[in-house]
Amino acid sequence: MKLWKLVSEMGAPVPRGAVLLFVLAVAGACATPVGVTREDPKVLYRSLSQSVLSADSPSLFTEQFLRRHGLDEAFEKDPEATLAELHRTRTSSDSERLFALAELSFIHGRQERKREYVLAAAVYAYAFLASEERRAQVMPAADPRLRWAVDLYNVALTLGLTQSSPLANGAAPARDEVVLTERTLDLPFGRIQLQNRPEQFLWGGYKFTHFIPLIDYKVRGLRNRYRQPGIGVPLAAEVAPIDGPDADRARKRIPPTVKVPITAFVRFEDIARTLADGQIRGVIDLNAVDEATTVVGEGVILPLETDSTAALALGLEGAPVWGAEIGGFLRAGRSIFGDGLIMMHPYRRGRVPVILVHGTASSPARWADIVNEIQNDPALRTRVQVWLFMYNTSNPILASADRLRIALQTIISDLDPDGQDPALRRMVLVGHSQGGLLARLMVTDSGNRFWANVSSVPLGDLKMSAETRELLQRAMFFKPVPSVQRVVFMATPHQGSFRVTSLVIGTVRRLVTLPPRLVKDLGDLREHNPDLAMFLARRQLPTAVDNMRPGHPFIHALSESPLAPGVHAHSIIAVKGAGNPLGLNDGVVAYRSAHFEGVESEKIVQSPHSLQSNPAAIQEVRRILRQHVDAD
């Protein structure tokens with residue numbers, strides 16, 4: 001009638017036939033009550049793959065569930081009453097109800113900042129995953145709600161157990177921590193009683209104290225972030241020492257500043273029954289990533305959600321080790337943790353040690369990318385254990401190598417005095433730059449070559465204190481360390497560095513303070529041996545930089561010292577530019593110096609001298625390590 005009135009007001013009389021044609025034309029131009037419109041597939045996919053974790057609204061599955069049961073408007077008006085009704089009422093497809101409850105509880109809890117609803121979301125998500133209907137495979141395995149429910153459990157549990165705590169020194173600001181103590185927490189329909197097992201908080205002579213959630217940390221400075229998808233709350237645990245001689249030995253080489261990647265899994269026992277009566281019992285299961293990456297839940301082996309990369313990066317954020325790079329070079333007597341050999345987790349029997357040795361004015365932190373890749377390589381992570389060697393890099397190279405040799409020998413006797421673990425006798429040393437020279441000395445028979453640079457008189461014929469004699473005997477005479485079976489040289493100056501000039505050496509000598517012990521021993525030698533003193537008076541105690549000057553007696557003697565028979569050696573050499581590598585260098589070391597005759601493999605990569613984060617270099621390290629463990 002309105003249309004007819006509009007036409008009539010136009011003035012002239014209009015035949016009814018014309019009006020009918022007009023109506024049909026207008027109707028044909030409008031959308032029908034039911035039909036389709038074209039849309040960008042990406043937009044459609046985003047709506048189909050949306051859940052509460054990626055948007056502020058529930059998934060299409062939950063929206064359909066609400067509309068099908070006439071609860072969409074009710075939830076908008078009174079969400080808590082609607083959730084309570086859904087909790088009480090079973091439906092024909094109870095797994096759909098549980099999933100909807102999980103999403104809707106999470107939305108409401110987040111919007112209203114009500115912890116009890118966020119925790120309820122984790123409980124419902126767990127119940128959904130454990131439901132008999134789903135486990136009977138009524139639900140297809142490809143249903144995205146399975147993955148969403150796992151993620152929802154992980155995130156809701158993280159948020160529900162997190163509280164702000166002041167930093168250890170009491171300074172602001174506060175930080176978020178996941179609290180895993182035994183306690184009772186409220187739910188909208190009852191309570192959760194959390195229980196834990198105290199022995200799970202013990203780790204390598206330490207106990208876990210604070211648990212930092214990794215859910216909202218962005219990693220920088222590493223090539224890849226490895227986050228294994230699974231169930232559980234990925235955390236970085238801080239530690240505190242425990243008492244006892246066994247504990248002291250266990251943590252001897254694990255620094256107290258370590259951040260341990262762990263996953264907390266809360267098992268809600270007898271969830272179908274306890275969900276009905278509101279008395280939920282949750283048992284906390286802690287798993288350090290170096291110990292386990294799976295957990296048993298409802299009789300099924302499940303992968304744990306892990307994030308070892310974020311824990312590694314968090315441990316290096318503002319860590320003192322960065323300051324030790326220049327400090328350890330300028331002050332050669334600066335204190336080093338323990339004997340310099342650092343373990344990233346407790347000793348694991350049957351895993352081959354891979355020891356990474358850094359270069360000049362550097363630190364173990366520079367190995368972060370390689371550590372991250374090794375620890376997340378499926379073929380390596382359960383077959384090797386990464387150790388790091390730290391030293392003051394301006395010390396004479398022979399003194400640093402002696403320190404490394406003692407550390408390797410000591411750790412074998414500490415961990416396996418009876419020789420029951422053959423993996424400890426298959427060590428791999430990976431050395432960068434000066435660290436490669438230290439690694440080479442571990443597999444070298446030097447004979448009398450280094451002592452001949454000092455004196456033609458046998459060491460035993462000289463007068464000196466027993467302490468000085470012992471030190472010189474160790475530092476001047478090298479035999480291969482039997483436990484080292486493979487070495488990898490990375491940008492190693494076997495023939496010295498062309499960057500080491502007289503100007504550089506003079507500058508270094510003005511800046512560097514050598515260890516008082518070495519200076520004292522040299523003075524002792526001069527005092528008791530007048531003939532030798534005249535020779536030594538013209539020479540100064542060398543720094544590592546002196547040692548790496550092309551043509552230096554140390555470099556010459558080392559180049560003449562053969563590698564031990566049966567030792568496998570590899571080279572990874574950095575160059576900048578294209579063409580014949582014989583004319584190239586990495587800015588510090590020339591190819592000619594880094595090239596080592598007789599290695600099993602030589603890989604040339606386009607990179608400046610610091611190549612530890614170069615993807616081709618990392619790939620080559622992984623290849624060599626896989627070859628090593630597969631040769632067992």
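Count residues from 1 along the sequence. Since this is a predicted model, take the numbers as computed values, not measurements.
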Fill in: Rounded distance [0.5 Å steps], OG in Ser613 versus CD1 in Ile618
5.5 Å
Item to complete: Determine, for Lys114 against Glu80, whether the closest basic-nitrogen to carboxylate-oxygen distance falls under 4.0 angstrom.
Response: yes
Practice prompt. Considering only NZ, NE, NH1 and NH2 on the basic side and carboxylate oxygens on the acidic side, decide whether Asp248 and Lys252 come within less than 4.0 Å.
Written response: no
Fill in: Pro213 to Phe211 - nearest heavy-atom pair and separation
CD-O, 3.6 Å
Worksheet item: Step by step, would you call Val150 with Leu129 a side-chain contact (heavy atoms from CB on, under 4.5 Å)?
Response: CA-CA 8 Å; Val150 170; Leu129 293 167; 3.8 Å; yes
Discussion item. When you measure from the side chain of Arg97 to the backbone of Leu86, do you find a donor-acceptor pair of N or O atoms at a distance under 3.5 Å?
Written reply: yes
Response to the item:
What one should report as the nearest heavy-atom pair of Phe61 and Pro144 is CE1-CG, 3.8 Å
Discussion item. For a quick test of reading the model, state the closest non-hydrogen atom pair linking Ile231 to Thr263 and the distance between them.
Written reply: O-CG2, 4.0 Å
Worksheet entry | Val289 and Ile262, any side-chain heavy atoms less than 4.5 Å apart | no
Worksheet item: Does one side chain, of Gln193 or Thr184, offer a donor that lies under 3.5 Å from an acceptor on the other?
Response: no
Worksheet entry | Side-chain donor or acceptor of Arg251 paired with backbone N/O of Ile242 under 3.5 Å | yes
Worksheet item: Any Lys/Arg nitrogen of Asp377 or Arg623 sitting under 4.0 Å from an Asp/Glu carboxylate oxygen of the other?
Response: no
Worksheet entry | side-chain contact (heavy atoms from CB on, under 4.5 Å) assessment of Met344 paired with Leu312 | CA-CA 10 Å; Met344 302 187 65; Leu312 174 64; 4.0 Å; yes
Worksheet item: Taking C-beta and beyond as the side chain, do Val179 and Thr162 meet within less than 4.5 Å on heavy atoms?
Response: no
Worksheet item: When the ring planes of Tyr126 and Tyr153 are compared, do they come out parallel, tilted or perpendicular, using 30° and 60° as the limits?
Response: tilted
Worksheet item: Is there side-chain contact between Ile355 and Val428, with at least one heavy-atom pair below 4.5 Å?
Response: no
Discussion item. Looking at every non-hydrogen atom in both residues, tell me the closest pair between Gln375 and Arg381 and how far apart they are.
Written reply: O-CB, 3.2 Å
Worksheet item: Can Gln200 and Asp285 be counted as having a side-chain donor-acceptor contact under 3.5 angstrom?
Response: yes
Practice prompt. Starting from the C-alpha separation in whole Å, work towards a yes-or-no answer on salt bridge (charged side-chain N to carboxylate O under 4.0 Å, His left out) for Asp277 and Arg273.
Written response: CA-CA 7 Å; Asp277 63 26; Arg273 180 185 62 80; 3.2 Å; yes
Worksheet item: Looking at Asp421, Thr382, Asp290, which hits side-chain hydrogen bond (donor to acceptor under 3.5 Å, both in side chains) with Arg348?
Response: Asp290
Worksheet item: Is the backbone N or O of Ala313 less than 3.5 Å from a side-chain atom of Tyr217, with the two atoms forming a donor-acceptor pair by type?
Response: no
Worksheet item: With a 4.5 Å limit on heavy-atom distance, are the side chains of Ile280 and Ile271 in contact?
Response: yes
Worksheet item: Under 3.5 Å, side chain of Trp148 to main-chain N/O of Asp143, donor-acceptor pair present?
Response: no
Practice prompt. Might you work through the side-chain hydrogen bond (donor to acceptor under 3.5 Å, both in side chains) test for Gln612 and Asp369, ending with a clear yes or no?
Written response: CA-CA 7 Å; Gln612 300 97 311; Asp369 260 314; over 6 Å; no
Item to complete: Answer yes or no: are there more than 12 heavy-atom neighbours, outside Arg622 itself, under 6.0 Å from its atom CZ?
Response: yes
Practice prompt. Using modelled atom types only, decide if a donor and an acceptor are shared between the side chain of Thr82 and the backbone of Asp78 within a distance under 3.5 Å.
Written response: yes
Item to complete: Take Asp630 and Arg383 through the salt bridge (charged side-chain N to carboxylate O under 4.0 Å, His left out) test and state the conclusion after the steps.
Response: CA-CA 10 Å; Asp630 288 342; Arg383 302 176 72 184; 3.0 Å; yes
Item to complete: Please indicate whether Arg191 has more than 12 foreign heavy atoms, meaning atoms of other residues, nucleotides or ligands, lying under 6.0 Å from its CZ.
Response: no
Discussion item. Checking the side chain of Ser51 only, and the main-chain atoms of Leu53 only, is there a donor and an acceptor separated by less than 3.5 Å?
Written reply: yes
Item to complete: Any chance you could measure Asn376, atom CG, to Asn224, atom CG, to the nearest 0.5 Å?
Response: 9.0 Å
Item to complete: Using modelled atom types only, decide if a donor and an acceptor are shared between the side chain of His628 and the backbone of Arg426 within a distance under 3.5 Å.
Response: yes
Practice prompt. Take His345 and Gln385, measure what side-chain hydrogen bond (donor to acceptor under 3.5 Å, both in side chains) needs, and give me the verdict at the end.
Written response: CA-CA 8 Å; His345 54 68; Gln385 47 193 331; 4.8 Å; no
Fill in: Neighbour count >12 (heavy atoms, 6.0 Å) for atom NZ, Lys603
no
Worksheet entry | Under 3.5 Å donor-acceptor, Asn287 side chain and Leu304 backbone | no
Discussion item. Using a 6.0 Å cut-off, check whether atom CG of Asp243 has over 12 heavy atoms from anything other than its own residue.
Written reply: no
Practice prompt. Check whether any side-chain heavy atom of Leu356 sits under 4.5 Å from a side-chain heavy atom of Trp387, and report yes or no.
Written response: no
Worksheet item: What do the steps show when you test Asp94 against Ser131 for side-chain contact (heavy atoms from CB on, under 4.5 Å), and what is the final call?
Response: CA-CA 8 Å; Asp94 207 48; Ser131 66; over 6 Å; no
Practice prompt. Going by the side-chain hydrogen bond (donor to acceptor under 3.5 Å, both in side chains) test, name the single residue among Gln64, Glu103, Gln50 that passes it with Ser59.
Written response: Glu103
Discussion item. Between Asn196 (side chain only) and Leu180 (backbone N and O only), is there a donor and an acceptor less than 3.5 Å apart?
Written reply: yes
Worksheet item: Would you find a donor on one side and an acceptor on the other, under 3.5 Å apart, between the side chain of Thr309 and the backbone of Tyr226?
Response: yes
Practice prompt. Before giving the answer on side-chain contact (heavy atoms from CB on, under 4.5 Å), spell out for Phe128 and Leu101 the whole-Å C-alpha distance, their side-chain angles and the decisive distance to 0.1 Å.
Written response: CA-CA 9 Å; Phe128 166 81; Leu101 277 167; over 6 Å; no
Practice prompt. Check the angle between the aromatic planes of Phe189 and His87 and answer parallel, tilted or perpendicular using the 30° and 60° thresholds.
Written response: parallel
Worksheet entry | Separation between NE2 of His432 and OG of Ser610, rounded to the nearest 0.5 Å | 5.0 Å
Worksheet entry | Electrostatic pair Glu238:Lys207 at N-O distance under 4.0 angstrom | no
Practice prompt. Could you tell me whether Arg223 and Glu373 have a side-chain N and a carboxylate O separated by less than 4.0 Å?
Written response: no
Practice prompt. For the pair Glu73 and Arg67, evaluate salt bridge (charged side-chain N to carboxylate O under 4.0 Å, His left out) and give the outcome as yes or no after the intermediate values.
Written response: CA-CA 8 Å; Glu73 292 184 5; Arg67 288 193 292 267; over 6 Å; no
Discussion item. With a 4.5 Å cut-off on side-chain heavy atoms, are Ile342 and Phe389 touching?
Written reply: no
Worksheet item: Which pair of non-hydrogen atoms, one from Ala311 and one from Leu214, has the smallest distance, and what is that distance?
Response: N-CD1, 4.0 Å
Worksheet item: Taking 4.0 angstrom as the limit, do Asp307 and Arg227 come out as a salt bridge?
Response: yes
Worksheet item: Val629 and Ala379: which non-hydrogen atoms are nearest, and at how many Å?
Response: CG2-O, 4.3 Å
Worksheet entry | Validation row: Phe106, Tyr117 side chains within 4.5 angstrom (heavy atoms) | no
Worksheet item: Are the side chains of Phe65 and Phe99 in touch, meaning some heavy atoms are under 4.5 Å apart?
Response: no
Practice prompt. Please round to the nearest 0.5 Å and tell me the distance separating atom CG of Leu316 and atom CZ of Arg366.
Written response: 10.0 Å
